[in-house]
2 protein chains.
Amino acid sequence: MSAASTPSPPSRPGPPSPPGPRSAATTGRGRPPKLDQVRTVEVALALLDDVGLDGLTMRRLAEAMDVRAGALYRYFATKHELLTAMAEVLLADCLDRPLRSPDWSERLAELARRMRTALLARRDGARVYAGTHAVGGHTLGFADALIGVLREAGFAAEDAGRAAFTVTHFTLGHTLEEQAARQGAEPGPVDPERLRAAVTPGQYPHLAAALPVLTSTDFTAQFEFGLGLLLQGLRALAPGTTPVESGNTPPESGG
Amino acid sequence: MSAASTPSPPSRPGPPSPPGPRSAATTGRGRPPKLDQVRTVEVALALLDDVGLDGLTMRRLAEAMDVRAGALYRYFATKHELLTAMAEVLLADCLDRPLRSPDWSERLAELARRMRTALLARRDGARVYAGTHAVGGHTLGFADALIGVLREAGFAAEDAGRAAFTVTHFTLGHTLEEQAARQGAEPGPVDPERLRAAVTPGQYPHLAAALPVLTSTDFTAQFEFGLGLLLQGLRALAPGTTPVESGNTPPESGG
DNA sequence: ACCTGAACACCGTTCAAGT
DNA sequence: ACCTGAACACCGTTCAAGT
């Protein structure tokens, strides 16, 4: 809602693509198109929630939009391009409200939590995100915010970039596993059952000892633990860490 | 090679599966089968390197084994089950040599590095691993080793389990992105080019400042940075950290 | 016991032709 | 300009029938 920018420019640069459909009427002549990029992505995301990534086909999406499958290819050159547009929208709400905490590590944590929440909000969201490389406004804006928090904390651009990668990769890996565990991993029976059966205490003593936490469904606690480790490591690495009191104004007050 | 254990027991427990093919001759009567689980997984991994995960179909695998596609279903109930067996073999070499370092955090790092190396060793290895939930000997053994290192360092089983998850999720997320970046993300042009084009310094000042590291191809440095953050966080959390000297014997010398 | 042949119910993608 | 109809070249999976 509100002032969310469109996920990608309407006219694609590549020569093999058709003229360039906008999100609404193009010329004003003739009847309005039944399809457009924005609505197609919306319907695709709704369908994703219904049938999952493996069930999301161009034919089913076309049916949901009351159109033949071939018509979709006027707006997305490939299914992968559609998935990329979907991934872009997944992150749409991550920056819709300000980061209030004065503590940079808390602001960083908040961004990571928002990313996890955004991916969890739709069925197979993490898989969609992992399978694409969106470079739209939401994705780039999120990455910019992540690096921005770190640079304002005094990190050099290089370390800030690396740390942002680390946080993103951990969040993606965690959410991928969480989402797989939450819905029984596509086919077959539930995971903890198989794990319990496979872990023979004699062969895997440490695994057996940790079995309660390994089969726990408190994924938030798991995520916070990992995030805490990363933040702890970052704090130890942070430049100019005056141990306590003050130290709130960023070194560059440019932005 | 050597004494690598078979990835999974030959007879499957589920009632809807056929009798139970072993890896070689079953009765000794009749001509030997053209297929078996172990060889099928080997050929599938070789085919994966050739054609990638998206090109790996049951029909192509069957062709590579000089058999019709239907025959594969005597050994694997679904394609997903085959992929799970492949994922299991991916980690086969992770524990084939001892962890020599006396420093627990270095042993943990070594395990994470071996996991990354194992996933990178085959095309789309990280995607195969992420898409499955193997519970075979190699996967469980690796998890047991990870938790074991942490418990020997004095961590309680619960924290050890959570930390093992964190390391695994980071490694998976990183390797997924690394492997995607290494081969131009399936279709389309290379990523850094699109990223450079999309990052307008005015809109994304922090992204622009970090662009060199974001488009760097030194993935090992990136991985080591993230791993270092995690280890730093773990060291700060480690119980009974006698700063230097001795402290090598695990709290329980049972196993 | 193990595999073939043939089918079922789908896929993503292309493109002439209609309107 | 936008969509349909119809096809192309595939998929995963099942299962009677052969040997």
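Only this structure's heavy atoms are used, side chains among them; waters, hydrogens and symmetry mates stay out. Below, chains carry the letters A, B, ... as their sequence lines are ordered, and counting in each starts from 1.
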Heavy-atom check, side chain of [X] versus side chain of [Y], under 4.5 Å:
| X | Y | answer |
| --- | --- | --- |
| A:Leu140 | B:Leu195 | yes |
| B:Glu178 | A:His169 | no |
| A:Leu82 | A:Met58 | yes |

(message) Check this one for me: any side-chain N or O of A:Arg68 less than 4.0 Å away from OP1 or OP2 of D:dC3?
(response) no

(request) Find the runs of at least 3 consecutive base pairs, i with j, i+1 with j-1 and so on, that include DNA chain D, using Watson-Crick or G-U wobble geometry with both distances under 3.5 Å. (result) C:4-8 with D:12-16, C:12-16 with D:4-8

(request) Give a yes/no verdict on a cation-pi contact between B:Arg182 and B:Phe219, requiring under 6.0 Å between NZ or CZ and the six-membered ring centre and an angle within 45° of the axis. (result)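 No, cation not above the ring by the 6.0 Å, 45° rule.
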
(message) Heavy-atom count check: over 12 atoms from other residues, nucleotides or ligands less than 6.0 Å from B:Asp218 CG?
(response) yes

(request) Work out which heavy atom in A:Ala180 is nearest to a heavy atom in B:His133; give both atom names and the distance. (result) CB-CE1, 3.7 Å

(request) Treat primed atoms plus P, OP1 and OP2 as sugar-phosphate and everything else as base, then score nucleotides 12-19 of chain C 5' to 3': B for base contact with protein heavy atoms under 4.0 Å, S for sugar-phosphate contact only, - for none. (result) BBB-----

(request) State which of C:dC3, D:dT4, D:dC2 makes the closest approach to the side chain of B:Lys34. (result)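 The nucleotide sitting nearest to the side chain is C:dC3.
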
(message) Do B:Gln183 and B:Asp124 pair up side chain to side chain, a donor and an acceptor below 3.5 Å, judged on atom types alone?
(response)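 Result is yes, a qualifying pair exists.
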
(request) Quickly work out the A:Leu83 CG to C:dC11 C1' distance and round it to whole Å. (result) 14 Å

(request) Considering only atom P, compute the distance from C:dC10 to D:dA9 and round it to an integer number of Å. (result) 22 Å

(request) Answer yes when B:Asp49 and B:Arg123 have at least one side-chain N-carboxylate O distance shorter than 4.0 Å, and no when they do not. (result)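 Salt bridge between B:Asp49 and B:Arg123, a charged N being under 4.0 Å from a carboxylate O: no.
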
